[in-house]
Participant: 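Questions regarding the structure given below will be posed in turn.
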Amino acid sequence: MGAAPPGRRHRRPSSPVAVVVAVAVVTLLAAACGGGGGGDDGNAGGPASSVDSRTTEPPTTEPSAEPQPGGELVVATIFDLFGLEPATFVGSITDGLMALALYDPLMTFDPATGEPVPWLAESMESDDGRTWTITLRPAVQFQDGTPLDAAAVKVNLERHADPELRSRSITSAQHIEAIETPDPLTVVVRLRDVWPAFPEVLAGSLGLMASPAAIAAGTVGEQPVGTGPFRLVEWIPGDHLTVERNPGYWRPGEPYLDRIVFRPIPDTVTRFESVKRGEVHLGQTTSGAELVRATEAGLQDLGIRRGQAITLFMNTAKPPFDDVRVRRALHLATDTDTINRVIFDDSAPPAFDGIVDRDSPYADHDAPWLTFDADAAATLVDEVVAEKGPDAVTFTYQCHTQPDLVNMAAVLEQMWEDAGFSVEVETQDQISVVVDVMGGSYQASCFGTGAAHDPDLNFFTQLHSGSNSNWTAYSDPEVDEALVTGRTSTDEQTRREAYSLVQEHLAADVPLFVLNATPWGYMGRPEVHGVGMMQNAIFQPSVVWLER
């Protein structure tokens with residue numbers, strides 16, 4: 001972790017209690033802030049689809065070369081696990097890969113298209129977007145020998161709605177009105193409202209299946225029992241997590257590896273050098289510049305350059321950002337092209353306006369998106385100062401201590417002060433940034449967001465006035481109405497019109513805007529094969545193999 005530049009404060013939680021509270025909060029995060037985007041189970045992805053039937057084989061993730069079985073893969077992660085309980089996996093670059101080593105989800109993502117497709121499910125169908133029929137694959141067993149059947153799925157889905165579990169999928173689980181199990185391989189889920197995004201949600205933590213026996217015993221958080229390709233050997237927090245091959249895995253011939261060892265290495269330089277020296281095979285990264293250096297060093301660039309971003313959140317409930325002119329001026333004063341060139345070596349251009357991928361059919365390119373205009377920014381600042389005084393354009397910007405982001409903060413400070421703002425930059429550890437944003441105790445802050453496959457998973461949670469994940473405190477009745485329409489309609493054109501209205505208001509009101517892309521992914525040794533990215537830098541660990 002980089003040190004804060006002179007003159008900037010670097011805060012950490014003030015006590016062990018603060019750390020515990022911070023971790024508890026993070027486990028409830030949407031993928032948006034653990035790295036990744038979306039609501040309770042949102043994931044970045046490709047074009048969205050309306051209600052349909054999904055009856056396919058799992059996506060093809062086989063490497064082109066003939067896999068070699070055996071071997072031990074060592075992965076350097078940015079963060080340690082928050083726990084082994086599937087309900088509290090954060091996902092994406094944080095612990096999503098470790099989750100998929102131990103547990104399988106009902107749905108997954110096709111790495112080629114970003115579409116949610118069946119995994120443990122054999123099919124998932126709905127005629128109306130409210131009642132969904134899930135047909136399970138036959139003869140799948142948990143690692144304790146108990147069957148994955150409809151009753152097991154019912155137990156797993158229903159438990160997330162219990163507030164005491166503190167599931168990060170509690171909001172999604174509360175959409176479920178009833179679950180029926182007409183036969184051992186059929187689950188009928190009736191939602192409280194129409195929700196076309198439900199299949200995508202089951203590719204996240206809500207869809208991870210744990211053994212009902214382990215759940216009933218209360219041991220799943222310490223001794224995880226899933227249907228996944230690997231089973232737990234040892235977890236020493238802060239040092240390593242080791243998993244070994246599950247010999248009874250339901251996909252024939254998989255996994256190829258004998259073991260995977262996950263080692264948390266928070267320091268960026270140490271993680272890079274560990275991969276370069278061959279001490280580890282894969283190193284997680286959220287830096288485009290680091291991936292460029294990796295290829296120069298003869299390593300593999302296994303990054304995703306679209307769909308994730310560092311976004312500027314402004315607290316619209318507090319001065320000075322309760323004034324839309326101040327928010328607009330800050331956006332106009334921000335030259336993202338210069339940030340990308342100077343800080344990220346042209347490797348991190350913003351992948352989307354607002355929080356919709358530019359390639360999405362829901363992206364409105366005609367919305368009045370703001371672009372860099374220093375003169376217009378200065379004019380707005382002068383107008384506000386003349387009316388309210390200089391305190392009306394004074395604020396604190398906070399971000400965490402990743403070196404690229406510390407450097408970006410210095411560039412932003414100069415841009416904003418050139419426009420007439422008075423800025424104090426405050427660097428903090430990442431947990432503190434998350435806690436402050438979620439608690440509303442900030443003015444402006446960097447934050448991770450992503451473009452979900454279905455925009456509902458981002459839009460509703462981040463922009464609806466009634467959402468507990470609306471951390472900018474943005475409120476607009478027209479936007480609320482459009483978000484409900486987009487969430488509950490099964491008509492494609494109706495949804496597009498609703499989300500177009502949302503983007504028009506987002507562009508005009510500017511509660512948040514994108515600063516730069518964050519290419520979550522991995523730098524890898526040449527001998528690593530089979531890493532086919534799905535969403536948010538997650539891949540299927542069962543098909544990875546080592547050339548020896």
Side-chain angles (χ1 to χ4, degrees), residues 5-9 310-340 342-343 350 353-355 366-399 405 408-428 433 436-437 439-447 462-463 465 470-480 501-516:
R8 288 165 172 74
R9 291 182 290 159
I310 295 297
T311 301
L312 186 80
F313 276 24
M314 291 168 281
N315 190 340
T316 66
K318 290 185 176 181
F321 297 112
D322 55 348
D323 188 329
V324 67
R325 295 173 298 174
V326 179
R327 303 196 299 269
R328 291 178 65 85
L330 198 69
H331 194 351
L332 289 165
T334 305
D335 185 353
T336 55
D337 288 340
T338 294
I339 291 171
N340 179 41
V342 172
I343 305 299
D353 300 307
I355 44 180
D366 296 325
W369 303 110
L370 297 180
T371 56
F372 173 62
D373 189 332
D375 292 337
T379 298
L380 272 177
V381 169
D382 290 343
E383 177 185 317
V384 173
V385 170
E387 180 182 322
K388 298 181 177 180
D391 287 347
V393 292
T394 299
F395 68 95
T396 297
Y397 167 70
Q398 63 187 56
C399 195
L405 300 185
M408 182 176 71
V411 174
L412 288 170
E413 181 181 20
Q414 185 62 57
M415 290 176 179
W416 294 339
E417 290 188 344
D418 286 347
F421 287 98
S422 177
V423 186
E424 179 180 3
V425 173
E426 185 177 86
T427 55
Q428 309 177 64
V433 172
D436 284 351
V437 169
S441 57
Y442 78 101
Q443 291 178 299
S445 180
C446 70
F447 210 70
Q462 293 189 31
L463 299 176
S465 62
N470 179 355
W471 296 311
T472 64
Y474 178 65
S475 180
D476 184 315
E478 287 188 73
V479 170
D480 283 353
L501 184 148
V502 171
Q503 290 169 83
E504 289 173 7
H505 283 251
L506 180 62
D509 297 337
V510 201
L512 54 86
F513 62 88
V514 173
L515 292 170
N516 66 280

Participant: Is there a donor-acceptor pair under 3.5 Å between the side chain of R328 and the backbone N or O of V510?
Facilitator: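 No; judged by distance alone, with no hydrogens or angles, the pair does not exist.
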Participant: If every non-hydrogen atom of C446 is compared with every non-hydrogen atom of Y397, which pair is closest and at what distance?
Facilitator: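 Scanning both residues completely, I find the closest heavy atoms to be CB-OH, 3.4 Å.
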Participant: How close do V423 and E413 get, heavy atom to heavy atom, and via which atoms?
Facilitator: O-OE2, 3.6 Å
Participant: Which heavy-atom pair separates L312 from A444 by the least distance, and what is that distance?
Facilitator: CD1-CB, 4.4 Å
Participant: Please list, chain by chain and in numerical order, all residues satisfying side-chain contact (heavy atoms from CB on, under 4.5 Å) with T394, sequence neighbours excluded.
Facilitator: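 Partners of T394 under the side-chain contact (heavy atoms from CB on, under 4.5 Å) test: D391, S422.
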Participant: Return the minimal non-hydrogen interatomic distance between F321 and R327, and the atom names on each side.
Facilitator: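 Looking at all heavy atoms of both residues, the closest pair is O-NH1, 2.6 Å.
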Participant: Hey, can you pull the donor-acceptor pairs under 3.5 Å for the side chains in residues 371-381, sequence neighbours left out?
Facilitator:
| residue | atom | partner | partner atom | Å |
| --- | --- | --- | --- | --- |
| D373 | OD1 | D375 | N | 3.3 |
| D373 | OD1 | A376 | N | 3.0 |
| T379 | OG1 | D375 | O | 3.0 |

Participant: What heavy-atom pair brings V479 and Y474 nearest, and what distance separates the two atoms?
Facilitator: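 Shortest heavy-atom separation between V479 and Y474 comes out as CG2-OH, 3.6 Å.
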Participant: Sequence neighbours left out, what passes side-chain hydrogen bond (donor to acceptor under 3.5 Å, both in side chains) with R325? Give chain and number order.
Facilitator: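 With neighbours one apart ignored, the set is D323, E383, E387.
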Participant: I'd like to know whether W471 forms a ring pair (Phe, Tyr, Trp, His ring centres under 6.0 Å) with F447, so could you lay out the CA-CA distance, the side-chain angles of the two residues, the decisive distance to 0.1 Å, and finally the verdict.
Facilitator: CA-CA 10 Å; W471 296 311; F447 210 70; 5.5 Å; yes
Participant: Without swapping roles, check the side chain of T316 against the backbone of A473 for a donor-acceptor pair under 3.5 Å.
Facilitator: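 Checking the backbone N and O of A473 against the side chain of T316, a donor-acceptor pair under 3.5 Å is found.
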Participant: With sequence neighbours left out, what residues match D418 under side-chain hydrogen bond (donor to acceptor under 3.5 Å, both in side chains)?
Facilitator: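 Partners of D418 under the side-chain hydrogen bond (donor to acceptor under 3.5 Å, both in side chains) test: Q414.
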Participant: Who passes side-chain hydrogen bond (donor to acceptor under 3.5 Å, both in side chains) against H331, sequence neighbours left out?
Facilitator: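 Applying side-chain hydrogen bond (donor to acceptor under 3.5 Å, both in side chains) to H331 gives none.
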Participant: Only one of E424, K318, Q443 passes side chain to side chain contact (heavy atoms under 4.5 Å, CB included) with F395; say which it is.
Facilitator: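 Of the listed residues E424, K318, Q443, the side chain to side chain contact (heavy atoms under 4.5 Å, CB included) partner of F395 is Q443.
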Participant: So, using side-chain hydrogen bond (donor to acceptor under 3.5 Å, both in side chains) as the criterion, who are the partners of N470 when residues are at least two apart?
Facilitator: T472
